[in-house]
Amino acid sequence: MEIISGKTMRMRDRFAIDELKIPSITLMENAAMAFFNEIKDLSDEFVIVASCGNNGGDGLAIARHLIINEKKVQVFIAGNESKMSKDCKINYEILKNLKADIIFLESIVDLQNFKDTIENKIVIDALFGTGLSRNIEGNFLRLINIINDFSRFIISVDIPSGLDADTGKILGAAIKADLTITFHRNKIGIEKADSQFVGKVLVKYIGIPVIE
C-alpha cells in the first residue's frame with residue numbers, strides 16, 4: 001500500500017469534501033467507527049484527550065461510540081468550546097446530550113488533576129493530526145509529557161500528536177504511542193519516526209476515494 005505525506009492526505013481529504021461532496025462529518029464518523037472497532041475489546045475503561053480541532057473531533061466521536069457500548073469513558077478537552085472546529089463542536093454537543101464526563105484542561109491545576117486521573121489507564125491521544133507544523137509548547141507540551149509518563153497504554157488517532165506527518169520529526173514534544181491507528185493511508189512521518197513514538201501501526205479505510 002502506498003505511503004503518503006500529510007500534504008497529500010489533506011489534498012485528498014479536501015477533494016473528497018469539496019469536489020465529491022462527501023460531508024466532512026461523514027468522514028469523521030467513518031474514522032471514529034473504524035477506530036472504535038479496533039479498540040473496543042481492549043478494555044472497559046478509556047480516557048480520551050482531545051483538542052478543539054478535527055483530530056479532537058475524531059476523539060469525541062470515538063468517545064461517543066465507546067459510551068454507547070457501555071464503556072466507562074472520561075473525556076478531557078485541551079482548550080475551550082469557543083475554539084472548536086465545526087465538526088468537533090457537533091460531536092461535543094452530542095456528548096453533552098449523552099451526559100458524558102467532560103473536563104476542559106485550561107490551567108496548571110487542571111493538568112495536575114488530569115495526571116491523577118490517567119495513571120495506569122488506557123489513553124486515546126486525539127490532540128494533533130497530520131496538519132501540525134509548529135512546535136508544541138506551553139500547556140500542550142506539559143500535557144504530552146504527562147500522557148507519556150503516566151499512561152498505561154497510549155493509542156493515537158491518525159498520528160501521534162507532535163510528529164511531523166511528512167518527516168517524522170518531533171515538533172517540540174511527541175506522544176509515545178503504543179498503537180497508532182491511521183486513516184486512509186500510512187503517512188511518511190509515521191514510517192520515518194522512531195518506533196518508540198508510533199508503536200504498532202494500523203491503517204484503516206474511511207471512505208476517501210483516490211482519483212488521480
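Note: hydrogens, waters and symmetry copies are ignored here, and every other heavy atom, side chains too, is used.
Annotation for A50 and L60: closest pair CB-CD2, 4.0 Å, computed over non-hydrogen atoms. Pairing each heavy atom of P160 with each of T180, the nearest pair is CG-OG1, 3.4 Å. For F140 against A78, the heavy-atom pair with the smallest separation is CE2-CB, 3.5 Å. For E106 against N139, the heavy-atom pair with the smallest separation is O-ND2, 4.1 Å. Nearest approach of A173 to N145, heavy atoms of both residues: CB-OD1, 4.5 Å. Nearest approach of N186 to E191, heavy atoms of both residues: ND2-OE2, 2.8 Å.
Between E29 and R64 a salt bridge is recorded (basic side-chain N to carboxylate O distance below 4.0 Å).
Linking Ile, Leu, Val, Met, Phe, Trp and Tyr residues whenever their side-chain heavy atoms come within less than 4.5 Å places L98 and M28 in a single cluster. I159 and Y205 fall into different hydrophobic clusters, where Ile, Leu, Val, Met, Phe, Trp and Tyr side chains are chained together by heavy-atom contacts under 4.5 Å. In the hydrophobic clustering of ILVMFWY residues, with side-chain heavy atoms under 4.5 Å counting as a link, V201 and V157 come out apart. Placement of L202 and V198 in two distinct hydrophobic clusters is found when ILVMFWY residues are connected by side-chain heavy-atom separations under 4.5 Å, directly or transitively. Residues I62 and I155 are members of one and the same hydrophobic cluster, defined by side-chain heavy-atom contacts under 4.5 angstrom among Ile, Leu, Val, Met, Phe, Trp and Tyr.
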Can you list the steps and then say if D87 with S85 is a side chain to side chain donor-acceptor pair (under 3.5 Å)? CA-CA 6 Å; D87 291 343; S85 68; over 6 Å; no

Applying side-chain contact (heavy atoms from CB on, under 4.5 Å) to K40 and H65, what does each step give before you reach the verdict? CA-CA 9 Å; K40 61 184 179 181; H65 288 294; over 6 Å; no

For the pair K200 and D178, evaluate side-chain contact (heavy atoms from CB on, under 4.5 Å) and give the outcome as yes or no after the intermediate values. CA-CA 6 Å; K200 180 180 179 181; D178 298 287; over 6 Å; no

For D164 and K192, run side-chain contact (heavy atoms from CB on, under 4.5 Å): C-alpha distance rounded to whole Å, both residues' side-chain angles, the deciding distance at 0.1 Å, then the answer. CA-CA 10 Å; D164 186 302; K192 287 187 173 183; over 6 Å; no

Applying side-chain contact (heavy atoms from CB on, under 4.5 Å) to L105 and L143, what does each step give before you reach the verdict? CA-CA 9 Å; L105 299 171; L143 181 57; 3.8 Å; yes

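Around atom CD of E137, no more than 12 heavy atoms belonging to other residues, nucleotides or ligands sit under 6.0 Å away. With a 6.0 Å radius and a threshold of 12 heavy atoms from other residues, nucleotides or ligands, K83 has its NZ atom at or below the threshold.
Proximity of H184 to V210: side-chain heavy atoms (C-beta onward) are separated by under 4.5 Å at one or more points. Counting heavy atoms from C-beta on, the side chains of M33 and I206 never come closer than 4.5 Å. Between F35 and F183 the shortest side-chain heavy-atom distance falls below 4.5 Å. The closest side-chain heavy-atom distance from K187 to M9 is below 4.5 Å. Between I48 and I77, the closest side-chain pair of non-hydrogen atoms is not below 4.5 Å. Looking at V47 and I124, their side chains never come closer than 4.5 Å, going by heavy atoms from C-beta outward. Within the 4.5 Å cutoff, the side chain of P209 has heavy atoms near those of the L20 side chain.
No donor-acceptor distance shorter than 3.5 angstrom exists from the side chain of S151 to the backbone of I154, with no hydrogens or angles considered. Side chain of D194 to backbone of F197: no donor-acceptor contact under 3.5 angstrom is found. The closest donor-acceptor contact from the side chain of K169 to the backbone of A165 lies at 3.5 Å or more, if one exists at all. With hydrogens and angles ignored, the 3.5 Å screen pairs a side-chain donor or acceptor of R10 with a backbone N or O of T130. A donor-acceptor pair under 3.5 Å is formed between the side chain of R152 and the backbone N or O of N120. Looking only at distances, no side-chain donor or acceptor of K99 sits under 3.5 Å from a matching main-chain atom of K96. The backbone N or O of L27 sits nowhere less than 3.5 Å from a side-chain atom of N30 that would complete a donor-acceptor pair. Remark: the backbone N or O of Q74 is not paired with any side-chain donor or acceptor of D101 at under 3.5 angstrom. The backbone N or O of A174 sits less than 3.5 Å from a side-chain atom of N148, completing a donor-acceptor pair. Here the side chain of K121 pairs a donor or acceptor atom with the backbone of T117 at under 3.5 angstrom.
Taken to the nearest 0.5 Å, the CG atom of N91 stands 12.0 Å off from the NZ atom of K86. Here L95 contributes atom CG and I90 contributes atom CD1; the two are 12.5 Å apart, rounded to the nearest 0.5 Å. For the atom pair OG1 (T8) and CG (D166), the distance works out to 8.0 Å, reported to the nearest 0.5 Å. The CD1 atom of I147 sits 4.5 Å away from atom CZ of F114, with the distance rounded to the nearest 0.5 Å. The distance from the CG atom of L111 to the CZ atom of F76 is 10.0 Å, given to the nearest 0.5 Å. The NZ atom of K89 sits 12.5 Å away from the CD1 atom of I94 when rounded to the nearest 0.5 Å.
Relative to the six-membered ring of F150, K115 meets both conditions, a distance below 6.0 Å and an angle of at most 45° to the axis.
Remark: aromatic rings of F46 and F36 are distant, center separation not under 6.0 Å.
Side chains of K204 and T182: no donor on one and acceptor on the other come within 3.5 Å.
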